[in-house]
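Worksheet: the structure to be examined is printed underneath.
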Amino acid sequence: IFSNDETLNALYAGMLELLKPDFPDLDVKSLREDLISREKEYTSLIGHGISLPHTYTTSIDRSVLLVAKLNKPTVCQHNNAEISIVFMVISSEGQPEAHLGLISKIAKFAMKKTIRQTLDEAATAAELYYIIEKG
């Protein structure tokens, strides 16, 4: 998605709401609170304006990736660095290996300079999807 949200709290809530049609039992408020609590303890920023928040839940049976590009970057509370793209991973509580594998894969993908440039240039959700699918 592309987002006009100005805070991670609002962004996370909006991203998680997108999962409700496929996972009606998902407790969006609890997951958002968990992600924000983790963010207060340590940054999910992995560098170059890219954030990778992640958590577990019993409400889903597989790992899910949500991606948001912020129309106006928000600021990391730990180091005042800008966050412009968020890769959010929500995984089933019983699948830590799959969860960690996906996080590792995303981090490697996002640290490629050419990928970051194409993500920055993406102007639509379809373009974002294509870059991630192709990458």
Side-chain angles (χ1 to χ4, degrees):
I1 65 167
F2 279 71
S3 176
N4 288 317
D5 291 318
E6 296 181 5
T7 67
L8 291 179
N9 195 10
L11 176 65
Y12 290 178
M15 291 174 80
L16 291 166
E17 280 296 329
L18 295 173
L19 295 176
K20 286 296 279 186
D22 293 322
F23 304 99
D25 295 334
L26 193 71
D27 185 348
V28 169
K29 182 180 177 188
S30 176
L31 280 176
R32 181 191 47 78
E33 288 172 355
D34 181 46
L35 289 165
I36 292 300
S37 175
R38 288 172 181 246
E39 195 70 39
K40 288 179 181 175
E41 290 180 37
Y42 58 90
T43 183
S44 61
L45 185 67
I46 59 173
H48 305 284
I50 298 172
S51 179
L52 183 51
H54 56 94
T55 193
Y56 296 96
T57 180
T58 58
S59 300
I60 64 174
D61 59 356
R62 61 189 177 277
S63 293
V64 178
L65 171 65
L66 300 136
V67 181
K69 182 174 179 182
L70 290 105
N71 292 321
K72 179 183 173 192
T74 190
V75 178
C76 173
Q77 67 181 4
H78 295 281
N79 60 12
N80 292 324
E82 288 188 344
I83 297 172
S84 56
I85 298 176
V86 175
F87 288 86
M88 179 185 289
V89 177
I90 309 296
S91 295
S92 175
E93 200 157 298
Q95 299 176 351
E97 290 177 8
H99 182 81
L100 295 174
L102 183 55
I103 290 169
S104 175
K105 187 175 182 179
I106 293 165
K108 289 175 186 172
F109 169 82
M111 290 301 103
K112 295 176 185 172
K113 187 176 182 178
T114 56
I115 295 293
R116 291 194 312 272
Q117 288 173 332
T118 56
L119 289 170
D120 285 340
E121 294 167 1
T124 66
E127 288 177 14
L128 275 177
Y129 181 83
Y130 177 78
I131 293 162
I132 294 164
E133 182 71 21
K134 184 181 90 169

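Heavy atoms only: backbone and side chains are in, while hydrogens, waters and symmetry mates are out.
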What is the distance from atom [atom1] of [X] to atom [atom2] of [Y], rounded to the nearest 0.5 Å?
{"X": "Leu19", "Y": "Leu31", "atom1": "CG", "atom2": "CG", "answer": "8.5 Å"}
{"X": "Leu26", "Y": "Leu18", "atom1": "CG", "atom2": "CG", "answer": "11.0 Å"}
{"X": "Leu16", "Y": "Leu66", "atom1": "CG", "atom2": "CG", "answer": "7.0 Å"}
{"X": "Glu93", "Y": "Ser59", "atom1": "CD", "atom2": "OG", "answer": "9.5 Å"}
{"X": "Tyr129", "Y": "Thr124", "atom1": "OH", "atom2": "OG1", "answer": "13.0 Å"}

Who pairs with [X] by side-chain contact (heavy atoms from CB on, under 4.5 Å), at least two apart in sequence or on another chain?
{"X": "Glu17", "value": "Lys20, Val28"}
{"X": "Lys134", "value": "Tyr130"}
{"X": "Pro96", "value": "Tyr56"}
{"X": "Glu6", "value": "none"}

Which heavy-atom pair separates Ala125 from Phe2 by the least distance, and what is that distance?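 Answer, listing the atom of Ala125 first, then Phe2: N-CE1, 3.3 Å.
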
Pairs flagged by salt bridge (charged side-chain N to carboxylate O under 4.0 Å, His left out) wherever residues 34-61 is involved - sequence neighbours left out: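 Listed by first then second residue: Asp34-Arg38.
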
Atom pairs and distances, side-chain donor-acceptor, residues 101-119, under 3.5 Å, sequence neighbours left out:
residue	atom	partner	partner atom	Å
Arg116	NH1	Met111	O	2.6
Thr118	OG1	Thr114	O	3.3
Thr118	OG1	Ile115	O	2.8

Verify same cluster id: [X], [Y] (apolar side-chain graph, 4.5 Å):
{"X": "Phe87", "Y": "Ile83", "result": "no"}
{"X": "Ile85", "Y": "Leu35", "result": "no"}
{"X": "Val67", "Y": "Ile60", "result": "no"}
{"X": "Ile131", "Y": "Ile1", "result": "no"}
{"X": "Val89", "Y": "Ile50", "result": "yes"}

Counterpart residues, side-chain hydrogen bond (donor to acceptor under 3.5 Å, both in side chains), relative to [X] (two or more places apart):
{"X": "Asn4", "answer": "Asn71"}
{"X": "Asn9", "answer": "Arg32"}
{"X": "Ser91", "answer": "Ser63, His99"}

Any donor-acceptor pair under 3.5 Å linking the side chain of Glu127 with the backbone of Ala123?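 Indeed, once roles are kept as given, a pair shorter than 3.5 Å links the two residues.
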
Spell out, as yes or no, whether a donor-acceptor pair under 3.5 Å connects the side chain of Lys69 to the backbone of Ala122.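 Yes, the answer is positive, given that a donor and an acceptor are paired below the 3.5 Å cut-off.
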
Looking at side-chain heavy atoms only, is the closest gap between Phe23 and Ile90 below 4.5 Å?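 No; the side chains remain at least 4.5 Å from each other.
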
Using the test salt bridge (Lys or Arg N to Asp or Glu O under 4.0 Å), find all partners of Asp5 that sit at least two apart in sequence or belong to another chain.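 Partners of Asp5 under the salt bridge (Lys or Arg N to Asp or Glu O under 4.0 Å) test: none.
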
Kindly determine whether Asp27 and Thr57 satisfy side chain to side chain contact (heavy atoms under 4.5 Å, CB included), including the steps that lead there. CA-CA 9 Å; Asp27 185 348; Thr57 180; over 6 Å; no

